[in-house]
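Structure first, then comments.
Position 1 is the first residue of the sequence; numbering continues from there. Atoms within each ligand, like the ligands themselves, are counted from 1 in listed order.
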Amino acid sequence: MNYDIKNIKLAEEGRFRMQWAAREMPVLDLLEKRMAESRPLDGLRVSACLHVTSETGNLMRVLQAGGADVVLTASNPLSTQDDVAAALVAYNEMSVYAIKGEDNDTYYEHLYAALDHKPHMTMDDGCDLLATLHSKRPELLDTVIGGTEETTTGVIRLKAMAKDGALKYPVIAVNDAMTKHLFDNRYGTGQSTLDGIIRATNILLAGKSFVVGGYGWCSRGIAMRAKGLGANVIVTEIDPLKALEAVMDGFRVMPMMEAAAIGDIFCTATGDIHVFDQRHFEVMKDGAIMANSGHFNVEINIPALEGMSKEWRRVRHQLDEYVLNDGRRLYLAGEGRLVNLAAAEGHPASVMDMSFANQALSAIYMREHAAELPNDVFAVPQELDQEIARLKLHAMGVEIDQLTDEQEAYLSSWTEGT
Ligand code: ADE
């Protein structure tokens, strides 16, 4: 076993936090029991590039229980929980390559170390591992049967690769499962992003103008939770349908250039570049706070912010103050990286339960079906999605109705009308 982590002495704390998270992960727990018996991943080498959190730690344990030989590397330089990395090494004998705050070179060295495992399967969050394998280690492609992808940004990259004919093995888009994005992206990102902004700043949100970039599933969650805390929420969009939805959900919608001059707090989660750009910094109020909850740290144009600043300093644990040449001060949370993971602990376990049940079941599905699948991006099969929703409801003690025979017959008939 090889590893590169911060401190093995943190292992016990990490194990406690993984156990605490497991209490809210009943679906994954059930899968662990099933997989420990049937061993559907026996002998499968999996290289996973995920945020190294207590929830991910539990997924890794489940894959191991199912017979997989797993290594784990971080999917973001700032998202690692060092105690979890230590626990996986110490108690699960897993190779882990992840240190919170690692620089870009170390981040990529860790990806290469995970690829040295010669994976049969890759498991990505953001597509960095798959992209690195394709571009820098193509000789490994022969042994890879398939992969999975956790997040919107990664799925977009994969679809671009597939369109270019560059994707050399099939990948399941876990993100697109209903039991993933409807809950993880919306409620998970909503709660954990606000958690991150509050931990980074400790400001009161009530009465503040809170600008949300985008109105996809993640931004919807952020807008909803910011509103719940009493902020006046402004949404910016480029898609007329999403903008209309935001308006009817009760938010003010306007171009970013207008919102920039009004906002006290700004948070973007669009997946695109420079959502907050120099022209916006030029009109922002003194004291405005910015955060990003999109996958990559490109949504805020940090080089432009640095270029406009005469000095910067770290004023709190995850908050930097930029003093602009004209004297205004702008604040950046979590270095512009995923604020929910950089400044807080990521999505709560209860939603990761469903996201990672999708990962585990998709890994099994891929093992069984990879040979039939062309090199493209696939949805999680609907039966799996439905099964996860059923198991989650069951674990929550919620029962639902079934169609009566009469109702079923009515739905399948075309003769009954007015
Ligand atoms: N992405 C967002 N929150 C996460 C978490 N808690 N664990 C793993 N990946 C995440």
CE of M178: more than 12 outside heavy atoms within 6.0 angstrom?
no
Hey, could you give me each pair passing salt bridge (Lys or Arg N to Asp or Glu O under 4.0 Å) that has a residue in residues 218-229? Not counting sequence neighbours.
R220-E245
Does the gap between the ring centers of Y169 and H134 come in under 6.0 Å?
yes
So, for I172 and M366, which heavy atoms are closest and what is the spacing to 0.1 Å?
CG1-CE, 3.6 Å
Within 6.0 Å of CD in Q318, more than 12 heavy atoms from elsewhere
yes
Step through the shown structure and confirm whether more than 12 heavy atoms of other residues, nucleotides or ligands are within 6.0 Å of CD on E399.
no
Contact table, ligand 1 N/O with protein N/O, distance under 3.5 Å:
unit_1   : atom_1 : unit_2 : atom_2 : d
ligand 1 : 3 (N)  : H347   : N      : 2.8
ligand 1 : 3 (N)  : H347   : ND1    : 3.4
ligand 1 : 6 (N)  : E55    : OE1    : 2.9
ligand 1 : 6 (N)  : H347   : N      : 3.4
ligand 1 : 6 (N)  : H347   : O      : 3.0
ligand 1 : 7 (N)  : T53    : OG1    : 2.6

